[in-house]
K.L.:
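Before I ask anything, here is the structure I am working with.
Just follow the structure's listing: the first ligand is 1, and inside any ligand the first atom is 1.
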Amino acid sequence: MCGIVGYVGHKEAEPILIEGLHRLEYRGYDSAGVVTVTGQKLHIRKRAGRVGELVRLLGERPAPGCLGISHTRWATHGPANDVNAHPHLSQDGTVAVVHNGVIENYAVLKRQLQAEGIRFQSDTDTEVIAQLIALQLAELKGDLIEAVQRTLALLKGTYGLAVVSAAQPDLLIGARLGSPLVLGIGDEEHFLASDPSALIGKTQQVVYVQDHRLCVLTADDWHLLDYDRTRVQACVQQFDWDPGEADKSTFEHYMLKEIYEQPETLENAMRGRLCEADASAHFGGLNLDTQQLRRAERIILTACGTSYHAALVGEYLIEEYARIPVEVEYASEFRYRNPPIDRNTIVICITQSGETADTLAALRESKRKGHPTLAICNVVGSSIAREADGGVYLHAGPEIGVASTKAFTSQVTTLAMLALYLGRMRHLSAQQGLNMIRELRSLPDLARRALHCHDAVKRIAEKYYDVSNCLYLGRQYLYPLALEGALKLKEISYIHAEGYPAAEMKHGPIALVDPHTPSIFLMSRGPVFDKVMSNLEEVKARGGPVIAVTCEGDEEAATRADEVIYLPEAPEYLQPIIAVIPLQLLAYHVAVLRGCDVDKPRNLAKSVTVE
Ligand code: F6R
């Protein structure tokens with residue numbers, strides 16, 4: 001959450017910072033601000049609202065200079081207004097700071113500083129950092145690096161920081177503890193960002209900064225220090241995101257573009273990983289030896305939000321095909337629980353961003369206890385990808401819409417391949433393996449055909465977009481999808497929605513059924529089809545409108561449901577990957593019709609890097 005961009009070089013900083021902020025706006029959009037440095041002067045501009053508001057302000061009052069830092073905020077401490085917008089200045093105006101994370105002891109520090117006569121402007125935790133650095137700077141007679149180091153020693157919590165000062169107007173300093181930070185290396189110019197996507201088109205060489213590191217940047221030089229001020233080796237990596245991948249192209253919203261990318265992203269998730277010769281899947285980066293995997297007696301899948309729903313599908317997949325008991329845990333709960341876990345348990349973190357604070361903490365806790373850990377992750381070089389013992393990248397490209405879509409289908413596909421791989425180590429026959437490979441290979445085409453339901457879904461959205469409540473019901477593989485469909489609708493259209501296993505409905509949720517509450521039934525084409533059909537009848541009998549998502553050729557649904565969305569037939573275990581497509585489109589169109597900001601829903605931000 002929150003986006004940071006910093007620049008030092010020989011070009012004007014303002015347009016570079018603004019371009020980076022536009023790319024990071026999905027990280028938080030409560031306010032935006034920049035500060036640039038010329039000579040001994042800091043030029044600070046900040047505004048509540050979107051980056052567009054800041055751009056308007058800069059149109060009236062440009063920020064000159066070739067060094068600057070900037071921020072787009074997801075509010076933690078204090079409401080979203082101009083004063084609480086970053087950057088924050090010290091009282092004497094010499095130091096400016098932008099910050100991503102939470103300073104847990106800020107209230108104590110603030111009281112101490114106020115007792116010493118320091119006046120604060122904002123309600124934020126970040127302002128404390130600026131005040132502390134300025135005090136140290138005055139004491140140290142202008143050594144900004146030392147002043148930052150001394151300040152960091154006083155902070156408890158998490159931070160990705162960028163700092164500039166009038167005292168050393170050619171220096172940009174970054175620091176990281178628990179919140180992501182990337183350093184970009186250019187030709188006589190250097191960058192700092194909370195997310196590599198801010199650097200698309202600017203540089204292809206990056207350093208993913210580790211915790212407890214300071215970055216010291218000037219136009220001509222860069223290096224990393226540890227907190228003892230010793231230089232540390234940095235691992236420079238190639239960063240080759242194509243600028244086109246991060247644009248909306250001809251689509252009105254990123255979310256729609258990402259829904260439409262799914263045939264391709266599914267292909268990318270499987271590329272080079274399915275092997276007919278072994279009738280199995282191959283993964284390059286698991287870093288666990290075959291014996292360790294064979295010995296696995298339990299797998300814990302941990303994740304948040306949509307990734308948690310992918311994990312729930314993973315539970316069905318791994319238990320059915322690899323016959324290994326699986327538990328799925330919300331990362332936010334798992335990190336604080338102390339479940340008994342034996343030596344042969346593998347912990348797998350599932351995450352699009354690789355930066356979700358709770359998932360990262362769950363990973364660290366698992367490692368601390370000595371469990372082998374894997375990550376199923378999209379963002380290359382992210383904290384979780386780097387810290388897990390091994391893992392699998394999704395290769396889905398940047399996901400910018402705040403509502404996760406293509407990452408979900410790639411996660412489930414990867415889990416299906418993992419189930420195949422683990423299953424082949426145990427009891428799955430070569431023939432079963434080959435069947436699964438054939439079915440997996442058909443996924444991109446099935447997804448392409450599933451997108452043909454778009455017009456039908458749009459018509460349904462037009463009919464129901466003004467309801468206040470909605471139920472999503474499914475069984476077995478489609479139960480996690482009911483949860484995911486409800487989450488998609490809630491988060492972007494602000495309609496209250498609940499997902500349930502279809503048969504659970506009679507134990508409570510059926511009380512919600514009325515003529516204004518549509519129920520979306522996800523019709524499993526497996527052994528429970530008739531059971532789900534009975535549940536559908538029960539809702540109809542109580543006057544509830546029913547939308548059925550079913551496969552082509554199902555004539556029964558058409559006679560009973562008010563609306564039917566047809567999908568191509570897919571094997572049961574792959575249905576979640578296909579059936580999620582109309583649910584994503586439904587949420588999308590309902591949100592558009594209700595006038596919601598689809599790509600930047602209220603109160604949300606992509607990548608939840610605070611607890
Ligand atoms: C919902 C959504 C969130 C994320 C969750 C986990 O559409 O995007 O629920 O799925 O914040 O994020 P990652 O996968 O980045 O760990």
K.L.:
Check ligand 1 against Ala403 and write out every atom of the ligand that is under 4.0 Å from a heavy-atom position of the residue.
P.N.:
7 (O)
K.L.:
Do Thr306 and Lys488 get their side chains close enough for a donor-acceptor pair, meaning under 3.5 Å?
P.N.:
yes
K.L.:
Show the numbers, then the answer: is there a side-chain contact (heavy atoms from CB on, under 4.5 Å) between Glu387 and Leu360?
P.N.:
CA-CA 9 Å; Glu387 292 191 28; Leu360 180 58; 4.0 Å; yes
K.L.:
So is Glu355 touching ligand 1 or not, going by heavy atoms under 4.0 Å?
P.N.:
no
K.L.:
Does any part of the side chain of Val328, heavy atoms only, come nearer than 4.5 Å to the side chain of Tyr308, both counted from C-beta?
P.N.:
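In contact.
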K.L.:
Hey, is Val402 one of the residues with a heavy atom under 4.0 angstrom from ligand 1?
P.N.:
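So Val402 counts as touching ligand 1.
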K.L.:
Report, in ascending order of atom number, the atoms of ligand 1 lying under 4.0 Å from any heavy atom of Ser307.
P.N.:
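So the atoms of ligand 1 that pass are 10 (O), 13 (P), 14 (O).
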K.L.:
Taking Glu498 first and then Lys490, would you say they form a salt bridge - that is, a charged N and a carboxylate O separated by under 4.0 Å?
P.N.:
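Between Lys490 and Glu498 there is no salt bridge, as every charged N stays at least 4.0 Å from the carboxylate O atoms.
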K.L.:
Would you check the N or O atoms of Thr359, main chain and side chain alike, for any that come under 3.5 Å of an N or O of ligand 1?
P.N.:
no
K.L.:
For atom 10 (O) of ligand 1, grab the closest protein heavy atom and report residue, atom and distance to one decimal in Å.
P.N.:
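Its nearest protein heavy-atom neighbour is Thr306 N, 3.0 Å.
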K.L.:
Short list, please: which atoms of ligand 1 are under 4.0 Å from a heavy atom of Glu491?
P.N.:
1 (C), 7 (O)
K.L.:
Verify whether one side chain among Arg176 and Ser383 offers a donor that lies under 3.5 Å from an acceptor in the other.
P.N.:
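Side chains of Arg176 and Ser383: pair found under 3.5 Å.
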K.L.:
Please identify which atoms of ligand 1 are closer than 4.0 Å to at least one heavy atom of Ser353.
P.N.:
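With Ser353 as reference, the close atoms of ligand 1 come out as 13 (P), 15 (O), 16 (O).
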K.L.:
Do His496 and Asn469 have side-chain N/O donor and acceptor atoms under 3.5 Å apart?
P.N.:
yes
K.L.:
For atom 11 (O) of ligand 1, what's the nearest protein heavy atom and its distance?
P.N.:
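Looking only at protein heavy atoms, the one closest to atom 11 (O) of ligand 1 is Val608 CG2, 4.0 Å.
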K.L.:
Please tell me whether Asp389 and Thr373 have a donor and an acceptor in their side chains that are separated by less than 3.5 angstrom.
P.N.:
yes
K.L.:
Quick one: side-chain hydrogen bond (donor to acceptor under 3.5 Å, both in side chains) pairs with a partner in residues 576-589, sequence neighbours left out?
P.N.:
His253-Tyr588, Gln262-Gln584, His454-His589
K.L.:
In the protein, which heavy atom is nearest to atom 16 (O) of ligand 1, and how far is it?
P.N.:
Thr356 OG1, 2.4 Å
K.L.:
Output the list of atoms in ligand 1 that are nearer than 4.0 Å to some heavy atom of Gly305, sorted by atom number.
P.N.:
9 (O), 10 (O)
K.L.:
Can you name the atoms of ligand 1, numbered from 1 with element, that are less than 4.0 Å from a heavy atom of Gln352?
P.N.:
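Selected atoms, number and element: 13 (P), 14 (O), 15 (O), 16 (O).
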K.L.:
Using a 4.0 Å cutoff against the non-hydrogen atoms of Lys488, which atoms of ligand 1 qualify?
P.N.:
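Selected atoms, number and element: 1 (C), 7 (O).
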K.L.:
Write out the residue and atom name of the closest protein heavy atom to atom 5 (C) of ligand 1, then the distance separating them to 0.1 Å.
P.N.:
Cys304 O, 3.6 Å
K.L.:
Is it possible for you to check whether Arg602 lies under 6.0 Å from the centre of the six-membered ring of Tyr494, through NZ or CZ, and within 45° of that ring's axis?
P.N.:
yes
